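Report on the following structure.
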Amino acid sequence: MSNQENKAEKVEQQEYTIKIIPHKGANVHSIHLPERWIKYGIASLAAGAVLLAGAFGYSTYSSYSLRNEAAQIERLQQVNNVQQEQLLQLSKKANSLQNELNELSQVEMELRQITGVEGGSAEEPSGNGGDGTHNGQGGPVGQNLQIEDVSAVLDDLEKRVAARKASIQQLREAMKQQQELIAYQESVNASTPSIWPASGDVSSPYGLRWGGSDYHPGIDIANDCGTPIVATADGVVTDAGWNSGGYGNMVDIEHGNGYMTRYAHAESVVVSPGQTVKRGQVIAYMGSTGYSTGPHLHYEVRVNGKPVNPVGYL
């Protein structure tokens with residue numbers, strides 16, 4: 001055997017001895033460990049440390065990743081909950097606006113019927129199938145509502161509600177004007193002489209009489225003494241009592257709009273100046289006072305101070 005081989009064998013056979021020395025003089029124990037075992041042990045410990053470090057690092061990374069994912073999921077859930085709540089509120093508002101729009105459309109239709117004002121409505125008919133209208137509906141299945149979709153519907157509904165309110169306001173203005181016109185016409189009609197002031201026979205017409213020798217500014221209605229004389233329109237009494245110009249007991253009534261009526265030769269007068277009277281109200285009783293040949297009523301209608309033929313107002 002060569003020297004090199006001997007040296008190699010000695011190297012391979014090198015050992016490390018571990019002595020265990022107990023207390024109180026007990027036997028000493030020796031443990032012989034070959035060098036290669038020591039090396040294997042150190043390598044194993046190093047590998048174990050590396051594996052342990054890798055496992056710890058992986059565990060730490062996994063835990064961190066899981067926490068991040070859990071946090072992200074929680075944030076997404078919170079965002080989703082907020083969006084669902086927003087969607088619910090928007091849907092409620094959309095339903096409320098639709099109900100308001102339906103009510104406004106009904107009010108508008110009623111106002112148009114009252115005022116007689118025609119106008120196209122942009123609303124589609126909401127038929128229930130029981131009044132001759134159709135109620136077919138449809139659309140894609142399984143469509144999920146999105147906030148953007150509901151917002152667009154809300155914008156459209158708000159515009160339609162605003163347009164309907166504007167239309168209703170216009171109709172109300174039109175109705176107000178109509179009511180004012182009707183009130184004015186009623187006032188004019190009420191203040192326009194239009195009924196007979198007393199029952200009886202026309203004993204003398206308006207205009208020239210007695211062969212053209214006299215101008216008569218009214219008509220004479222003959223009947224018994226005490227026959228009621230009534231106002232022929234609403235008005236205010238401006239004169240009531242004796243007239244020295246031949247009319248005898250007389251009543252003058254201003255009706256407005258240029259109209260005035262006169263009732264003469266009464267037996268008695270039952271109204272006083274400044275008193276407001278209504279059409280058909282008794283103001284005097286027929287007699288033969290003043291320049292008169294018998295019981296009768298002299299009735300005049302004046303427009304803007306000028307006498308006109310009363311026949312046109314009977």
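Predicted, not measured: the structure shown is a model, and the values here were computed from it.
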Side chain to side chain contact (heavy atoms under 4.5 Å, CB included) between Thr289 and Trp242, intermediate numbers included
CA-CA 9 Å; Thr289 60; Trp242 181 261; 3.9 Å; yes
Please confirm whether the backbone N or O of [Y] pairs with a side-chain atom of [X], one donor and one acceptor, at under 3.5 Å?
X: Thr227; Y: Asp224; answer: yes
X: Asp201; Y: Ser203; answer: no
X: Asn249; Y: Glu267; answer: yes
X: Arg279; Y: Asn189; answer: yes
X: Ser288; Y: Gly294; answer: yes
X: Ser194; Y: Tyr313; answer: no
X: Asp220; Y: Ser204; answer: no

Are there over 12 heavy-atom neighbours, none belonging to Asn99, within less than 6.0 Å of that residue's CG?
yes
I need the minimum non-hydrogen distance between [X] and [Y], along with the two atoms involved.
X: His255; Y: Asp234; value: ND1-O, 2.7 Å
X: Ser199; Y: Asn223; value: O-ND2, 2.8 Å
X: Tyr299; Y: Pro197; value: CG-CG, 3.6 Å
X: Leu297; Y: Ala198; value: CD2-CB, 4.0 Å
X: Met250; Y: Asp239; value: CE-OD2, 3.4 Å
X: Val251; Y: Ile253; value: CG1-CG1, 3.9 Å

Ring geometry between His296 and His265 (parallel below 30°, tilted from 30 to 60°, perpendicular above 60°):
tilted
Do [X] and [Y] make a side-chain contact, defined as non-hydrogen atoms from C-beta onward lying under 4.5 Å apart?
X: Gln106; Y: Asn102; value: no
X: Lys176; Y: Gln178; value: no
X: Ile229; Y: Val282; value: no

Can you measure from [atom1] ([X]) to [atom2] ([Y]) and round to the nearest 0.5 angstrom?
X: Met260; Y: Asn304; atom1: CE; atom2: CG; value: 11.0 Å
X: Arg164; Y: Leu171; atom1: CZ; atom2: CG; value: 10.0 Å
X: Lys278; Y: Ile283; atom1: NZ; atom2: CD1; value: 15.0 Å
X: Leu314; Y: Trp196; atom1: CG; atom2: CH2; value: 5.0 Å

Hey, are [Y] and [X] close enough side-chain-wise for a donor-acceptor pair under 3.5 Å?
X: Glu108; Y: Ser167; result: yes
X: Tyr263; Y: Thr232; result: yes
X: Asn257; Y: Ser191; result: yes
X: Gln177; Y: Glu173; result: no

Is Glu300 salt-bridged to Arg302, cutoff N-O under 4.0 Å?
yes
salt_bridge(Lys159, Asp155) N-O dist < 4.0 Å:
no
Hey, mind stepping through His298 and Tyr247 against ring-ring contact (aromatic ring centres under 6.0 Å, His included) and telling me if it holds?
CA-CA 8 Å; His298 172 82; Tyr247 284 108; 5.6 Å; yes
Do Val308 and Tyr215 belong to the same hydrophobic cluster, where Ile, Leu, Val, Met, Phe, Trp and Tyr are linked whenever their side-chain heavy atoms lie under 4.5 Å apart, directly or via other members?
yes
Can you hop from Leu208 to Ile219 via hydrophobic side chains spaced under 4.5 Å?
yes
